[in-house]
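The structure appears below as structure tokens.
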Amino acid sequence: MSKQPKKQSFLGGAVVLAASAAVVKLIGAVYKIPLNNILGEVGKTYFQTAYEIYNVLLTISTAGLPLAISKLTSQAHAQGRENEKRKIFRTAIWLFLGLGLTGSLLMFFGAEQLAAFQNNSMAFLPIRALAPAVFCVCLLACMRGYTQGQGNMTPTAVSQVLEALCKVGIGLPLAWYLLRLGRGLDSGAAGAILGVTVGTVLSMFFLFWYLLRHRDTEKSLDVPASSGTLMKKILAIGVPITLSNSAMSIITLVDTKIVLGRLQSGLGLTEVAAAALKGQYSYAMDMVNMVVAFAYPVTMSLLPAASAAFARKDHAGAERIISSAFRVIIILSLPAGVGLSVLATPIMKLVLPAQPESALAAGPHLQILGFACILIFLMILTNALLQTYGKEQIPIFTVIAGGVTKVAMNYVLVGDPDINIHGAPISTLCCYGVIVVLNLFFVWKYSPRKPKYVQLFAKPILASVLMGGTAWAVYGFTFRFLSGHSEYGANAIAVMVGICAGVVVYGVLIIALRILRAEDLRSMPKGEKLIKFLHLK
């Protein structure tokens, strides 16, 4: 059989996944931006309702258990227990089969009831079209957790790109074709979502083929624990993580029900009018989700790498990995959030040329959600850190605290005629604020080396403020300079020039202010050359 791939370092694995995330998000932009223009704000809400239901089932099935497999596999691999490593996978796959089958059947046969529960009865076709994806993604998650636990992020990266390509190549044309035939927006949303389903099927077959090709036949003398013992270990680690992650998905689902319900019952809007307002908020949230995806490569690589270091009793190495992860997330999140906020309306006008009124309505949402984006990055990181420290239960309670804040605020604010849908981004910001403040406290409490938050955040905040001011000023100057030409073209050029100016200023500042350190790049491919080129210490 083929030789096992070489284990990647923490940042090496993160770079592979980050590169994959960049490609996936680029492909995702090619998918979502035209799709939003094709479906409009009402069709977008049908699509989003199906996806939120899918996310709940998906999170319950795959959020914590793959990380448990990754952690246990990494520990066994680091200690040379190859037989136990293989048995972990054989034990886990049956659990994922059962979860995936249950989720798919529930989503397919209960589509109409689920849509009605969400106060969005026309979303049942997209829900049904997405049902088979739950089964496939469960098996995908198990296989990804196994390969990541061995320090190999490449199979996950390739399968993610394959999924994204199917969304663009199948979902987007199908949505356009169905609407051209005169089918309703619900059918168009179902066609778009069918591309997601096909992508998960093909990705599942790819990973199955990969594992067969790279089947590990290395002999080992270790005697693995029984299947029952291994299952208990998987559940002990995975269930708390699943509860913390699924709590947010469930709260988001309930939140959507409340938003649509309050717009209808509190403000007297029709189901279609409520869906239109919810669609404007979803447009802005899409931009945040595209950016936030870059947090996951760091955390997906962090948990197995830090767990392996702890298993080797290398506490200093584990702390270096965790410190680098903290700095990388801060360096990524602050400029991203500030940039989205200062250029909110111009960005929405850029990505929604066919929906100009919706773009103007979505701009104020994105101004608020840009700051929420920073908090989401930090929530993802701090959840992973607490899980690495063996405190998997804490994120359950912090997420619930944030979720209760979000649901309560939405009920009050969205039902107020003077605030209505603008209450949704406000409640989202407050929700993640509550979670992050609590998480940062517990990370400080349980970390062997107490993180110095003022030192971690002060310089990146200063650099991000200067970057945001530069981007805003350059955008305004460029747009005025190009006035008299096509308004869309002038806005598009001004946005790109403003972003480029901001990136240059921020890049100079993170080096000049010594925010980025040599140890953050050393494990990356070509890291030593980058360190010398940037004169980092």
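If you read the sequence from its start, that first residue is 1, and numbering goes on from there.
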Please set out all donor-acceptor pairs under 3.5 angstrom arising from side-chain atoms of residues 253-260, sequence neighbours excluded.
| residue | atom | partner | partner atom | Å |
| --- | --- | --- | --- | --- |
| Asp255 | OD1 | Asn410 | ND2 | 2.3 |
| Asp255 | OD2 | Lys406 | NZ | 3.1 |
| Asp255 | OD2 | Asn410 | ND2 | 2.9 |
| Thr256 | OG1 | Glu52 | OE1 | 2.5 |
| Thr256 | OG1 | Glu52 | OE2 | 3.2 |
| Thr256 | OG1 | Thr252 | O | 3.1 |
| Lys257 | NZ | Phe117 | O | 2.8 |

* Of the options Leu130, Asn36, Leu35, which is the one that meets Phe47 in a side chain to side chain contact (heavy atoms under 4.5 Å, CB included)? -> Leu35
Can you give each donor-acceptor pair under 3.5 Å made by side-chain atoms of residues 342-363, sequence neighbours left out, with the distance rounded to 0.1 Å?
| residue | atom | partner | partner atom | Å |
| --- | --- | --- | --- | --- |
| Gln355 | NE2 | Asn37 | O | 3.1 |
| Ser358 | OG | Glu41 | OE1 | 2.6 |

* Step by step, work out the side-chain contact (heavy atoms from CB on, under 4.5 Å) result for Val137 and Tyr54. => CA-CA 11 Å; Val137 171; Tyr54 168 72; 3.2 Å; yes
* Sequence neighbours excluded - side chain to side chain donor-acceptor pair (under 3.5 Å) pairs with any residue from residues 487-498 -> Tyr475-Asn491
* **Side-chain donor/acceptor of Tyr283 to backbone N/O of Gly40, under 3.5 Å** => yes
* Structure fact -> Looking only at heavy atoms, the pair that brings Ile374 and Gly337 closest together is CG1-CA, 3.8 Å
* Could you go through the side-chain contact (heavy atoms from CB on, under 4.5 Å) check for Leu269 and Leu277 one step at a time? => CA-CA 10 Å; Leu269 300 179; Leu277 289 178; 3.6 Å; yes
* Might you work through the side-chain contact (heavy atoms from CB on, under 4.5 Å) test for His365 and Ile421, ending with a clear yes or no? => CA-CA 9 Å; His365 298 324; Ile421 193 60; 3.9 Å; yes
* Structure fact -> When rounded to the nearest 0.5 Å, the distance separating CD1 of Ile499 from CE of Met467 is 10.0 Å
* Asked: What pair of heavy atoms forms the shortest contact from Phe326 to Val443, and how long is it?
  -> CE1-CG1, 4.3 Å
* Check whether any side-chain N or O of Arg262 sits under 3.5 Å from a backbone N or O of Val414 as a donor-acceptor pair, and report yes or no. => no
* **Close side-chain approach of Gln264 to Thr270, heavy-atom, < 4.5 Å** => no
* To the nearest 0.5 Å, what is the distance between CD1 (Ile376) and CG (Asn289)? -> 6.5 Å
* Asked: Are Ser121 and Glu271 linked by a side-chain donor-acceptor pair shorter than 3.5 Å?
  -> yes
* Asked: Do Cys138 and Leu97 touch side chain to side chain, with heavy atoms closer than 4.5 Å?
  -> no
* Asked: Are any side-chain N or O atoms of Arg128 and backbone N or O atoms of Phe108, one a donor and one an acceptor, separated by less than 3.5 Å?
  -> yes
* Structure fact -> One should read off an interatomic distance between Asn119 CG and Thr49 OG1, to the nearest 0.5 angstrom, of 9.5 Å
* To do: Take Leu140 and Glu163, measure what side-chain contact (heavy atoms from CB on, under 4.5 Å) needs, and give me the verdict at the end.
  => CA-CA 11 Å; Leu140 268 173; Glu163 276 186 75; 4.0 Å; yes
* Locate the shortest heavy-atom distance separating Cys373 from Val292; write the atom from each residue and the value. => SG-CG2, 4.0 Å
* Asked: Which value, rounded to the nearest 0.5 Å, describes the distance between Leu207 atom CG and Leu139 atom CG?
  -> 10.5 Å
* Proximity of Phe205 and Phe208 rings by center, below 6.0 Å -> no
* **Heavy-atom donor-acceptor pair, Ser104 side chain to Leu101 backbone, under 3.5 Å** => no
* Asked: Backbone N or O of Ile127 within a donor-acceptor pair of the Tyr46 side chain at under 3.5 Å?
  -> no
* **Pairwise distance CG(Asn383) to OG1(Thr398) - rounded to 0.5 angstrom** => 5.5 Å
Can I get a per-line list of side-chain donor-acceptor pairs under 3.5 Å for residues 172-197, giving both atom names and the distance, sequence neighbours left out?
| residue | atom | partner | partner atom | Å |
| --- | --- | --- | --- | --- |
| Thr197 | OG1 | Ala129 | O | 2.8 |

* Within 6.0 Å of CZ in Phe206, more than 12 heavy atoms from elsewhere -> yes
* Okay, side chain of Thr45, backbone of Gly279: is any donor-acceptor separation there less than 3.5 Å? -> yes
* Pairs flagged by salt bridge (charged side-chain N to carboxylate O under 4.0 Å, His left out) wherever residues 281-294 is involved - sequence neighbours left out -> Lys32-Asp286, Lys44-Asp286
* **Side chain Ser341, main chain Gln367, donor-acceptor under 3.5 Å** => yes
* Asked: Any donor and acceptor pair, going by atom type alone, linking the side chain of Asn420 with main-chain N or O of Pro417 inside 3.5 Å?
  -> yes
* To do: Return the set of residues passing side-chain hydrogen bond (donor to acceptor under 3.5 Å, both in side chains) with Tyr281 (not counting sequence neighbours), or none when no residue passes.
  => Thr428
* Asked: How far apart are the closest heavy atoms of Ile435 and Gly402, and which atoms are they?
  -> CG1-CA, 3.7 Å
* To do: Mind checking the CG-CD1 spacing from Leu381 to Ile329? Nearest 0.5 Å is all I need.
  => 5.5 Å
* Minimum heavy-atom distance between Asp416 and Asp418, given as atom pair plus value -> OD1-N, 2.9 Å
* Asked: Of the non-hydrogen atoms in Ile368 and Pro425, which two are nearest, and what is the gap between them?
  -> CG2-O, 3.5 Å
